[in-house]
Amino acid sequence: MNDCLFCKIRDGIIPSEKLYEDDLMFIIKDIAPLARLHYLAIPKIHYKLLKDMTEQDALNLGKCFSKIAELADTLGLSNGFRIVINQGEDGAQAIYHLHIHILGGEKLSNKSVFEKT
């Protein structure tokens with residue numbers, strides 16, 4: 001994907017501080033945080049939506065979730081966190097490379113952090 005922001009970050013074309021990286025994903029800070037701590041876990045394989053995943057992609061995404069849980073303390077999320085995946089235009093997906101928002105570092109309300117505008 002030549003025009004994909006996250007693929008360019010993955011490939012080092014656009015510099016970004018990677019807080020974590022392995023063969024399946026990398027984690028960066030969100031540039032427009034909606035909580036005191038707001039990270040993005042980005043799978044290295046490009047697919048736009050959950051429905052675009054292969055069976056192997058789905059297994060790898062499960063491994064990404066496990067790694068996020070394992071890294072929670074390191075990321076400052078020991079008291080809990082919220083995970084959000086936006087899907088499609090109505091789901092407020094801004095970048096069409098599947099990514100996982102990880103929010104925390106403070107007491108989050110039950111109200112959605114992604115307010116309808």
Side-chain angles (χ1 to χ4, degrees):
M1 301 268 88
N2 296 347
D3 59 345
C4 174
L5 174 68
F6 292 154
C7 288
K8 288 179 180 179
I9 291 171
R10 176 199 64 207
D11 296 341
I13 297 166
I14 295 175
S16 183
E17 179 186 358
K18 294 176 182 171
L19 303 172
Y20 174 80
E21 184 172 15
D22 64 22
D23 59 328
L24 296 177
M25 71 164 175
F26 58 95
I27 297 175
I28 60 175
K29 290 182 180 178
D30 193 294
I31 62 168
L34 297 172
R36 189 172 72 74
L37 299 175
H38 186 165
Y39 306 110
L40 300 176
I42 304 165
K44 287 187 171 180
I45 294 176
H46 180 98
Y47 45 90
K48 295 178 182 182
L49 302 165
L50 290 167
K51 70 179 183 177
D52 296 333
M53 291 189 314
T54 65
E55 188 174 322
Q56 185 60 53
D57 293 334
L59 291 171
N60 289 342
L61 189 60
K63 292 176 184 177
C64 292
F65 281 116
S66 293
K67 183 54 76 171
I68 290 166
E70 182 182 318
L71 294 170
D73 289 347
T74 304
L75 295 171
L77 303 168
S78 57
N79 287 334
F81 55 94
R82 177 176 293 154
I83 290 180
V84 177
I85 298 177
N86 298 333
Q87 290 286 278
E89 185 177 338
D90 285 354
Q93 186 173 3
I95 299 173
Y96 280 82
H97 179 130
L98 188 129
H99 54 286
I100 304 160
H101 293 264
I102 309 163
L103 301 110
E106 64 184 316
K107 180 102 171 141
L108 300 174
S109 74
N110 287 327
K111 188 175 176 184
S112 172
V113 295
F114 296 100
E115 291 299 319
K116 184 176 180 180
T117 56

Joint cluster assignment, M53 & I83, ILVMFWY side-chain distance < 4.5 Å: yes

Remaining members of the apolar cluster that contains L24, side-chain heavy atoms under 4.5 Å: none

Closest approach of H46 to Y96 (non-hydrogen atoms, all atoms of both residues): CE1-O, 3.3 Å

N60 (side chain) donor-acceptor with D57 (main chain) under 3.5 angstrom: no

Enclosure of I31 CD1 (heavy-atom neighbours >12, cutoff 6.0 Å): no

Flag, side chain of Y20 to backbone of L71, donor-acceptor distance under 3.5 Å: no

Separation of I85 CD1 from I100 CD1 (nearest 0.5 Å): 4.5 Å

ILVMFWY network linking L37 to I68, side-chain heavy atoms under 4.5 angstrom: yes

Interatomic spacing from CD1 in I102 to CG in L19 - rounded to 0.5 Å: 9.5 Å

Connected via hydrophobic side-chain network under 4.5 Å: L40 and I95: yes

Interatomic spacing from CG in L61 to OG in S66 - rounded to 0.5 Å: 10.0 Å

Minimum-distance pair of heavy atoms, taken over all atoms of A35 and G104: CB-O, 3.8 Å

Hydrophobic cluster identity match, L49 and L98, side-chain contacts under 4.5 Å: no

Neighbour count >12 (heavy atoms, 6.0 Å) for atom CG, N79: no

Reported NZ-to-CD1 distance for the pair K67 and I27, which is rounded to 0.5 angstrom: 9.0 Å

N86 to V84 - nearest heavy-atom pair and separation: OD1-CG1, 3.3 Å

Where L108 and L103 come nearest, the two heavy atoms and their spacing: CD1-O, 3.7 Å

Over all atoms of both residues, closest heavy-atom pair of Q87 and L50: OE1-N, 2.8 Å

Flag if over 12 foreign heavy atoms under 6.0 Å of CG, D90: no

Inter-residue atom distance K18.NZ - R10.CZ, 0.5 Å rounding: 9.0 Å

Joint cluster assignment, I28 & F65, ILVMFWY side-chain distance < 4.5 Å: no

Set of residues satisfying ring-ring contact (aromatic ring centres under 6.0 Å, His included) with respect to F6, sequence neighbours excluded: H97, H99

Nearest-0.5 Å distance that lies between atom NZ in K44 and atom SG in C64: 10.0 Å

Where A41 and M25 come nearest, the two heavy atoms and their spacing: CB-SD, 3.9 Å

